[in-house]
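Notes to accompany the following structure.
Index from 1, following the sequence. The model shown is predicted, which means the values in this text are computed figures rather than measured ones.
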Amino acid sequence: MDAALPVIAGIIGALFGWWLPAHQHPLYREPAFREHPASGGTLLGLRLFTVPSAAATAAFAFRPAYAEEPRLALFTAAACLVLVALSSTDFDRRRIPNRLVYPAALAALAAAPFWPDRSFSAILVGGAVGTLAGISLVILGAVAGRAAGSRQTAFGLGDARLMGLIGLAVGWPAVVTALFLGIIFAGGAALILLVLRGRGTTYSYGPYLAAGAVIVLLWFDRFA
């Protein structure tokens, strides 16, 4: 049964990944986004990301080392799938919807006392550190953008809220590693875009932050 759990979880994750991009539009605040679900090439592109991402993270969350602690496997899989969903909306519309972030943050707080491998206080500190780091990056991005004569910035308030959510998911001190990895991944993407498209190109920051968090969630014992 232990060997079957990752397979079952992976199939469920893949189904979620297939369903999500076609049904995520109600999460957006803007009526124009809510009324137009992804379709055609956009829908296919999103599914090429969400299906393997959701399948892999769910399967890894239920691998034997985690499946021995059902709560650990379930909480890890849930957190990873939320991060996949937020990455999908950011890729789609460059939005990290409050309609998903806030309920996920409340769920993380509700689950905080029940994690088998991290304390309630560590989760609260992680959330605070993630939020403060996000606000700091928003301010730095705004200052840098003004100095460069541009109002556009890759980092926004949605990313700051995502960092707070990541902190609630991984706790302290793992939040430092999660955010560091995310920033490194985003920096690599920025360099590639700079070479391919030149200066002034903006891009979705959230998926790279989410990737750092997923790595820490799935291999938490190495980063705690």
Side-chain angles (χ1 to χ4, degrees), residues 9-58 77-108 130-131 134-135 137-138 141-142 145 150-166 168-169 182-183 185-186 188-190 192-194 196-214 217:
I11 292 172
I12 293 173
L15 292 173
F16 172 77
W18 181 267
W19 172 87
L20 171 68
H23 298 87
Q24 65 191 22
H25 54 284
L27 295 171
Y28 301 123
R29 180 183 60 192
E30 297 88 343
F33 293 171
R34 289 203 309 270
E35 294 167 6
H36 294 90
S39 60
T42 299
L43 179 60
L44 176 60
L46 290 172
R47 281 174 168 165
L48 287 174
F49 164 74
T50 56
V51 171
S53 298
T57 53
C80 288
L81 292 179
V82 168
L83 291 170
V84 170
L86 290 171
S87 298
S88 180
T89 62
D90 205 12
F91 278 136
D92 181 22
R93 297 290 190 176
R94 293 200 63 201
R95 294 292 185 272
I96 298 177
N98 292 336
R99 293 182 180 185
L100 181 54
V101 171
Y102 290 153
L106 290 175
T131 300
I135 292 172
L137 286 177
V138 168
S150 173
R151 294 185 178 181
Q152 288 187 325
T153 176
F155 199 90
L157 287 174
D159 301 302
R161 287 188 284 268
L162 174 59
M163 289 174 71
L165 178 61
I166 288 170
L168 291 174
I183 291 170
F185 294 155
I192 293 172
L193 288 173
L194 179 63
L196 295 178
R197 301 181 184 176
R199 298 183 61 182
T201 301
T202 58
Y203 63 101
S204 299
Y205 206 102
Y208 304 101
L209 293 172
V214 166
L217 282 164

Answer yes or no: is there a side-chain heavy-atom contact under 4.5 Å between [X] and [Y]?
{"X": "Leu83", "Y": "Ile166", "answer": "yes"}
{"X": "Leu27", "Y": "Thr89", "answer": "yes"}
{"X": "Pro97", "Y": "Leu86", "answer": "yes"}

- Donor-acceptor under 3.5 Å (Asp159 side chain, Tyr205 main chain):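 Judged by distance alone, no pair lies under 3.5 Å.
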
- Is there a donor-acceptor contact under 3.5 Å from the side chain of Ser88 to the main chain of Pro21?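 Answer holds: no.
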
- Query: In chain order, what residues pass the salt bridge (charged side-chain N to carboxylate O under 4.0 Å, His left out) check against Arg47, with sequence neighbours excluded?
  - Reply: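 In terms of salt bridge (charged side-chain N to carboxylate O under 4.0 Å, His left out), with neighbours along the sequence ignored, Arg47 is linked to no residue.
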
- Message: Checking Trp18 now: which residues fulfil side chain to side chain donor-acceptor pair (under 3.5 Å) with it, not counting sequence neighbours?
- Response: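 Trp18: no side chain to side chain donor-acceptor pair (under 3.5 Å) contacts found.
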
- Item | Charged N-O contact under 4.0 Å between Arg95 and Glu30 |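 Glu30 and Arg95: salt-bridged.
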
- Message: If you compare all heavy atoms of Ala54 against all heavy atoms of Leu81, which two are closest, and at what distance to 0.1 Å?
- Response: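 Minimum heavy-atom contact is CB-CD2, 3.6 Å.
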
- Message: Hydrogens and angles aside, do Asn98 and Arg161 bring a side-chain donor and acceptor to less than 3.5 Å of each other?
- Response: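 Side chains of Asn98 and Arg161: pair found under 3.5 Å.
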
- Task: Could you tell me the separation between the CG atom of Leu162 and the CG atom of Leu157, rounded to the nearest 0.5 Å?
- Result: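 So the gap between those two atoms works out to 12.5 Å.
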
- Scan for side chain to side chain donor-acceptor pair (under 3.5 Å) pairs involving residues 32-45, sequence neighbours excluded, and state none if there are none.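 Found none.
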
